[in-house]
Amino acid sequence: MAAERSISLIGAGLAGALLARLLALRGWRVDVYEKRGDPRIAGYQGGRSINLALAERGRHPLRLADAEAPVMAQAVMMRGRMVHPLHGEVNLQRYGRDDSEVIWSVHRGELNITLLNLAEQAGAKLHFDRRLDRVDFDNRIAHFVDDRDSRSFEIPFCALIGSDGAGSALRGAMGKVLDLGERVEFLDHGYKELEIPPAADGSFRMEPNALHIWPRGNYMCIALPNDEKTFTVTLFMPNQGGSTVENPGFDTIRTPQEARAFFARDFPDTLPLIPKLERDWARNPASTLATLHLERWHLDGRALVIGDAAHAMVPFHGQGMNCAFEDCAALAEHLDTHADLDEAFAAFEAERKPNARAIQQMALENYREMRDRVDDADYRLQRELELRLQQRHPGVFVPHYAMVSFMRVPYSTALDRSEIQQGILVRATRGKESLDQLDWASVDADVAAHLTPLTDAA
Ligand code: FAD
Ligand code: 8RB
């Protein structure tokens, strides 16, 4: 039945555009409704950090959609963390063993446009300036508003998929007819973005092939390269500081001038790189960070949420988009293999919910690591041991970062194994200052006792 293979997506962001492409390629009739104007005409109105880290998990769904090559054409390689200590030398901590184990910085606006064009080429119909307002699930009618003139539209649907981001309107509508078990966990830290423009000669002002980190204990800055030779700097710190200058918060830095003084003290090497610090500080608001937990992702076969709409997470593993892209590939697969939508949505939820949970937890944990641990001696010894154990036990001991960023093992598997491995690393290095002091026979025995070979989703 033709109408059965018809689906309406809410939101033409990263997940919506990719899913539209995947489903249209598989012969579905796809309509996508996006509240904003067409970014290909209007100019990109993102208002968000313009670069994102793309890892293997995100690249694979792009490959399935024949979208990898145009995306990678504008990507900048990031080989590792470039750590900027307050005192001491800048140093690169590689993410992987060689240049095949890296992550990539991609421009959000360009990525979105590339995917929209490919979705359209595959036959998906894109409808811009259509904001989902409310849904009559009984009669299967969705109500949209054009925010330019407040006109409203009633559009019938077979099934709705909410790829409308963390503030999902579809999730809101579903919540009115079904208890979704929604819980938002706010982090008491926020973020603010600043820009490093190109140098006078048009080149990058720092090493481009790295993700820069300025760890400062309870807060940090990071910077990702853009292909137009700029960097986006993001400052993460508590929303509320303490009473002393040692505990800054967004509330204790009250003016752009105080922001400059703060950077001069804590991030002195960035000051000459951010010429418009005061302007950026005043212009870009401090934004909040949160994890969204949702017990139920679908309303029988009528509606489903994916991506940030289902499981928004804090940014510290750079996996929000990568996870959303994995969702798209998984959903396309389930829609192909299940005869009815209710079953397909339920199978998708069962597969993805534990994995979303796992990456949400790992993302929270990576904040402490980035801001506070990367500079510690015991941490560095554990990383050194991790690499040695990877060589001694290939395919058995696989570093945490590699499982998350270079492989496609389910996030829940990565989390379980990382917890076991962390135990091994801690037991082996306790009281030790160098790997020379290790009792390798007992470390190997610990590995053999707790880990089995890891099989990647090939
Ligand atoms: P979105 O990409 O947010 O798309 C939602 C779309 O729905 C938007 O186009 C929106 O306009 C539209 N919409 C919203 N409401 C409605 C409505 N009522 N009706 C119609 N349309 C609507 N992830 C990574 O993997 N790596 C990174 O390095 C990374 N960096 C990030 C940096 C920043 C500053 C931010 C904010 C996020 C970052 N993320 C990163 C996370 C990533 O952006 C998200 O996880 C990803 O965009 C989720 O995709 P999505 O399609 O679910 O939502
Ligand atoms: N959302 C990233 C990593 C892990 C890096 C590492 C971390 C900014 C908002 Cl904070 C962050 C990572 O462990 O060495 N990979 O990719 C991206 C990150 O922040 C992005 C740019 C970001 N995401 C709201 C702000």
- prompt: Below 4.0 angstrom, N of the basic side chain to O of the carboxylate: do Glu369 and Arg81 qualify?
  reply: yes
field: Any side-chain donor near an acceptor of the partner, Asn355 and Ser412, under 3.5 Å
entry: yes
query: Rounded to the nearest 0.5 Å, how far does CG of Leu54 lie from CE of Met72?
result: 6.0 Å
- line: Those residues at least two apart in sequence (or on a different chain) that pass ring pair (Phe, Tyr, Trp, His ring centres under 6.0 Å) with His127 are Tyr33
- prompt: Under a 4.5 Å cut-off applied to non-hydrogen side-chain atoms, are Glu349 and Glu351 in contact?
  reply: no
task: Report yes if some heavy atom in the side chain of Arg427 is under 4.5 Å from a heavy atom in the side chain of Val443; otherwise report no.
output: no
message: Using the rule given for side-chain contact (heavy atoms from CB on, under 4.5 Å), can you reason through Glu195 versus Thr230, listing the C-alpha separation, both sets of side-chain angles and the distance that settles it, and then say yes or no?
response: CA-CA 7 Å; Glu195 199 201 47; Thr230 63; 4.0 Å; yes
message: Could you check whether Arg380 pairs with Asp375 (Lys NZ or Arg NE/NH1/NH2 to Asp/Glu carboxylate O, under 4.0 Å)?
response: yes
query: Quick one: are Arg216 and Met220 in side-chain contact, heavy atoms under 4.5 Å?
result: no
More than 12 heavy atoms from other groups under 6.0 Å of CD on Glu419: yes
Step-by-step salt bridge (Lys or Arg N to Asp or Glu O under 4.0 Å) determination, Glu278 to Arg260: CA-CA 7 Å; Glu278 286 86 349; Arg260 174 168 291 276; 2.4 Å; yes
- prompt: Side chains of Lys229 and Arg205: closer than 4.5 Å at any heavy-atom pair?
  reply: no
- request: Provide the closest heavy-atom pair for Leu294 versus Ala310 in the form atom of the first, atom of the second, distance.
  value: CB-O, 3.6 Å
field: Leu224 backbone acceptor or donor facing Ser105 side chain under 3.5 Å
entry: no
query: Is the NZ or CZ atom of Arg371 positioned over Tyr367's six-membered ring, under 6.0 angstrom from the centre and within 45° of the axis?
result: yes
task: Count the heavy atoms belonging to other residues, nucleotides or ligands that lie under 6.0 Å from CZ of Arg97, then report whether that count exceeds 12.
output: no
- line: Between Asn112 and Gly13, the two heavy atoms sitting closest are OD1-O, 3.4 Å
- prompt: Do side-chain atoms of Asp251 reach the backbone of Gly241 as a donor and acceptor pair under 3.5 angstrom?
  reply: yes
message: Between the side chains of Arg79 and Asp98, is the shortest nitrogen-to-carboxylate-oxygen separation below 4.0 Å, so that they form an ion pair?
response: no
message: Does this structure show an ion pair linking Asp280 with Arg283, if we count only N-O contacts that are shorter than 4.0 Å?
response: no
- request: Please report the C-alpha distance between Lys432 and Asp378 in whole Å, then the side-chain angles of each, then the deciding distance to 0.1 Å, and finally whether the salt bridge (Lys or Arg N to Asp or Glu O under 4.0 Å) criterion is met.
  value: CA-CA 8 Å; Lys432 306 283 194 320; Asp378 63 330; over 6 Å; no
Worked verdict on Trp104 versus Met78 for side-chain contact (heavy atoms from CB on, under 4.5 Å): CA-CA 6 Å; Trp104 300 86; Met78 298 188 289; over 6 Å; no
- prompt: Asn226 and Thr232: side-chain donor and acceptor closer than 3.5 Å?
  reply: yes
query: Listed by chain and number, what are the salt bridge (charged side-chain N to carboxylate O under 4.0 Å, His left out) partners of Glu333, not counting sequence neighbours?
result: Arg26
message: Hydrogens and angles aside, do Asp416 and Thr413 bring a side-chain donor and acceptor to less than 3.5 Å of each other?
response: no
query: Is there a donor-acceptor pair closer than 3.5 Å between any side-chain N or O of Ser163 and the backbone N or O of Ile10?
result: yes
query: Side-chain donor-acceptor pair under 3.5 Å between His84 and Asp269, yes or no?
result: yes
- prompt: What is the minimum heavy-atom distance between Gly318 and Asn322, and which atoms define it?
  reply: O-ND2, 3.0 Å
field: Partners passing side-chain hydrogen bond (donor to acceptor under 3.5 Å, both in side chains) against Arg368 (at least two apart in sequence or in another chain)
entry: Asp372
message: Looking only at side-chain N and O atoms, does His311 offer a donor or acceptor that is under 3.5 Å from a partner on Asp327?
response: yes
- prompt: How about Tyr411 and Gln360: does a side-chain donor come under 3.5 Å of a side-chain acceptor?
  reply: no
task: Measure across Val30 and Ala24 and return the closest heavy-atom pair with its distance rounded to 0.1 Å.
output: CG2-N, 3.8 Å
field: Heavy-atom side-chain contact between Lys192 and Ser287 under 4.5 Å
entry: no
field: Closest non-hydrogen atom pair, Gly242 against Thr252
entry: O-CG2, 3.9 Å
message: What I want to find out is whether Arg131 reaches Asp146 closely enough, with some N-O distance under 4.0 Å, to be called a salt bridge.
response: no
message: Donor-acceptor check, side chain of Arg417 to backbone of Thr452, threshold 3.5 angstrom: yes or no?
response: yes
message: Is there a side-chain contact between Trp281 and Ile274 in this structure, where contact means two heavy atoms from C-beta onward sitting under 4.5 Å apart?
response: no
field: Of all pairs that satisfy side chain to side chain donor-acceptor pair (under 3.5 Å), the ones with a partner from residues 386-398, not counting sequence neighbours
entry: Arg383-Glu386, Arg392-Asp444, His393-Asp444
task: Starting from the C-alpha separation in whole Å, work towards a yes-or-no answer on side-chain contact (heavy atoms from CB on, under 4.5 Å) for Asp133 and Phe144.
output: CA-CA 5 Å; Asp133 185 35; Phe144 293 89; over 6 Å; no
field: Atom of Pro61, atom of Leu22 and distance for their closest heavy-atom approach
entry: O-CD2, 4.3 Å
message: Any non-hydrogen side-chain atom of Arg108 less than 4.5 Å from a side-chain atom of Leu14?
response: yes
message: As a quick check of understanding, evaluate side-chain contact (heavy atoms from CB on, under 4.5 Å) for Ile222 and Val233, giving each step before the final call.
response: CA-CA 6 Å; Ile222 64 163; Val233 178; over 6 Å; no
- prompt: Are the side chain of Arg183 and the backbone N or O of His293 linked by a donor-acceptor pair below 3.5 Å?
  reply: no
query: Ion pair present between Arg94 and Glu101, side-chain N to carboxylate O less than 4.0 angstrom?
result: no
- prompt: Short question: side chain of Asp31, backbone of Ser8 - any donor-acceptor pair under 3.5 Å?
  reply: no
- request: Tell me whether the centres of the aromatic rings in His189 and Tyr219 are closer together than 6.0 Å.
  value: no
- prompt: Quick check: does any side chain N or O of Glu207 sit under 3.5 Å from a backbone N or O of Met82, one acting as donor and the other as acceptor?
  reply: no
query: Only one of Glu34, Glu120, Glu110 clears salt bridge (charged side-chain N to carboxylate O under 4.0 Å, His left out) with Arg40; which?
result: Glu120
- line: Interatomic distance, CG@Leu118 vs CG@Asp66, rounded to 0.5 Å, equals 8.5 Å
message: Could you work out, with ring pair (Phe, Tyr, Trp, His ring centres under 6.0 Å) as the rule, every residue matching Tyr95, not counting sequence neighbours?
response: Tyr401
task: Please answer whether the main-chain N or O of Phe316 pairs with a side-chain N or O of Asn366 as donor and acceptor at a distance below 3.5 Å.
output: yes
message: Using side-chain heavy atoms (C-beta onward) and a distance below 4.5 Å, is His400 in contact with Met362?
response: yes
field: Side-chain donor/acceptor of Asn51 to backbone N/O of Pro225, under 3.5 Å
entry: yes
field: Contacts of type ring pair (Phe, Tyr, Trp, His ring centres under 6.0 Å), residue Phe250, not counting sequence neighbours
entry: none
- prompt: With distance as the sole test, does Arg57 use its side chain to make a donor-acceptor pair with the main-chain N or O of Val404 at under 3.5 Å?
  reply: yes
